[in-house]
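Here the structure is a predicted model, which means the values were calculated and not measured. Letters go in sequence order (proteins before strands), and every chain restarts at 1.
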Amino acid sequence: MGEVLLGLPGPWAEDYREKADYYTTKIGGLPDWPIPEVDISRELLHCSLCGGRLSLVAQVYAPILSPKLNIEDRAIYVLGCLALNCATDPRSWRALRIQKYHEEMKPSLTSSDAVSLQKEFVCAPRVNSWLEDNMLGNESSKVNDESDSDTEMEDLGRALLEAAALASSSKKQNGYKNTDASARYTVAKPRVEDTGVPVLPCFYIYSQKVESSGDMDAVCSGYTSLSLENRCASPDTEDEEHWEIETYEYDRALSADRTYLKFKKQMDAHPEQCLRYSYGGNPLFATTNLPKPDICKRCCSSRIYEMQLMSPLLYFLQQAVDGSSACSVDGWSWITLIVYTCSRSCCSFKESTESCCWEVAEEAIIIHDD
Amino acid sequence: MAERGGGDRGGFGRGFGRGFGRGRGDRGRGRGRGGRRGGGRRDEEEKWVPVTKLGRLVKEGKITSMEQIYLHSLPVKEHQIVDTLLGGRLKDEVMKIMPVQKQTRAGQRTRFKAFVVVGDTDGHVGLGVKCAKEVATAIRGAIILAKLSVIPVRRGYWGNKIGKPHTVPCKVTGKCGSVTVRMVPAPRGAGIVAARVPKKVLQFAGIEDVFTSSRGSTKTLGNFVKATFDCLMKTYGFLTPEFWTQTRFSKSPFQEYTDLLAKPTKALLIDNSEVVEA
């Protein structure tokens, strides 16, 4: 619970509209819903201020694997409005939590699960039919018999490792080629035809645990200073003066208080962090007077911190937007965006039509502006 | 799917509890449209990714001097901003390291308090104070805090306005705790007439001649040095006849670069290219 995972930027997507799946963690692009988009209530996907379509800012695969609560198919989507007037208003942001209702005692859902999942993975690019087949086999065996699924999982794991290595090497080569902008990527990719949806530049995220603070000195060693030698240079004059005893003093700069300086220290340790994830942990605040989130509308339980988006994300998006398309990402100037989710990760169970296996819930976002 | 296959797979596990999902194979490290960076962690840490809006403007090169920041009283929250704008001209020096002790059940815990002054000896000076368990950490932290606190210092003449300004423009006084430091303009050649510690601060500020007078418990180094710093801050706060003319207000850098967005799309693209060419 106490550990923090950082989301660091990975490679850019070759095409901002390319489709991934809901297990991918990415910034920008089109959202990969696990259910057909028509099943998501329209008002959740549109800005509450201007009514325009919200675009995806971050999509994070976030299962909960604690002993008390075990939800594997869970993803958080952070949506924002790109219209000029809505840029600074916190009401134009939305966080959605989509999770599959997971009930151990309902084996009758197995067949419907398998069918609904197969529908989603049909259009996953590049990881093709071999993955689908394994998926189906995995699903059914998993629910029916735990012991068999373990060995199958190991085999699957090995096969996936090899395939992933193959896929990543081919992807890297393609990535290098595309930076010339002359070689065009020829494999047909499934795209969403809807060109009316505003789309942010898309890049993928890989995760890393926060390292122990012993590395802070390594970070600071870049700040060379002659003064380390100068300190020893004038000991004689110092002996003549007798100074009074000093007491401990908290860090203070002209325009930065202690909270902000601690925030900045974390940012300097990993300057490229786009995302901080710590389910149930403590957010990294930059000031002390941010509002608290309200309670979950569905189950009336309190909301707890889950993750926060950081400003390097904004920097990367703004660098990519320059000159390519006219989005108003420049209008955004938040330092951090904190997402709070329901502490019980609630979902109201409905009877067995397929699309209702997945629940969509709205969560709270607190924005800290610059 | 790729993630459900197994638990242990190098650095990538399943989901956020043990790592992130990865729908399309190994994401790999490295960033940027122009190709991959070499090296690992070290490069990441040395590269500056701005956190604040002002930082982004400075990194892009839209703000070229500290004076633009001071003119609009924008808070400087990243020391890399000062590094970029004042860069190599900024020198730092440790004035004193003092041990600070706290009594605990297991004996005394000693930490070190470092006083660092940075300045370019030409009108910009900053003071940083940091406590840390190790001396080196305290010094580095104090340098960063000093850079965050860089202020402009106004210099003037004692008598004839010949040559460059060399002394404070008027009598100013600064206070911190019980210590008050008063600075009085001095003729050329007088030098800095002050105790050793404030003399260092004044040298870094670029003041060549000044008479000082201090009062209160100047044995408290922290208060003494902060009183001098406060005094320097006030040099630009003093209204003199040169400032009696009507102020011509200019647009704050934030406004200047946000107004582009208010125009329609086509104009936006044209304006961007103009700015780039200019």
* Asked: chain B heavy atoms under 4.5 Å from A:Phe263: which part of the residue, side chain, backbone, both or neither?
  ->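 For A:Phe263, the side chain is the part near chain B, not the backbone.
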* Sort A:Arg252 into side chain, backbone, both or neither according to what part of it lies under 4.5 angstrom from a heavy atom of chain B. =>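 Just its backbone gets close to chain B.
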Over all atoms of both residues, closest heavy-atom pair of [X] and [Y]:
X        : Y        : value
A:Ser255 : B:Pro75  : CB-CB, 3.6 Å
A:Tyr260 : B:Glu78  : OH-CG, 4.1 Å
A:Trp243 : B:Val197 : CZ2-CG2, 3.7 Å
A:Ser333 : B:Lys53  : CB-CD, 3.7 Å
A:Glu249 : B:Cys131 : N-SG, 3.9 Å
B:Lys59  : A:Tyr315 : NZ-OH, 3.4 Å

Chain A contact via [X] - which portion, at a heavy-atom distance below 4.5 Å:
X        : result
B:Ser217 : side chain
B:Leu127 : neither
B:Phe112 : neither
B:Lys77  : both

* Nearest 0.5 Å please: distance from the CD atom of A:Glu244 over to the CG atom of B:Asn223. => 9.0 Å
If we only count heavy atoms from C-beta on, is the [X] to [Y] side-chain gap below 4.5 Å?
X        : Y        : answer
B:Gln101 : A:Thr247 : no
B:Leu148 : A:Leu261 : yes
B:Gln80  : A:Asp268 : yes

* With a cut-off of 6.0 Å (strictly less than), are more than 12 heavy atoms of other residues, nucleotides or ligands near NZ of B:Lys234? -> yes
* Under-4.0 Å salt bridge between A:Glu246 and B:Arg111 ->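 Not counted as a salt bridge, because no side-chain N and carboxylate O are separated by less than 4.0 Å.
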* To do: Return the option, out of A:Gln273, A:Gln318, A:Met310, with the maximum number of heavy-atom pairs under 4.5 Å with chain B.
  =>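 Max contact count across the listed options: A:Gln318.
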* Structure fact -> Max heavy-atom pairs within cutoff under 4.5 Å with chain B, candidates A:Asp32, A:Leu254, A:Ile64, goes to A:Leu254
* **Cation over ring face, B:Lys102 and A:Tyr248, 6.0 Å, 45°** => no
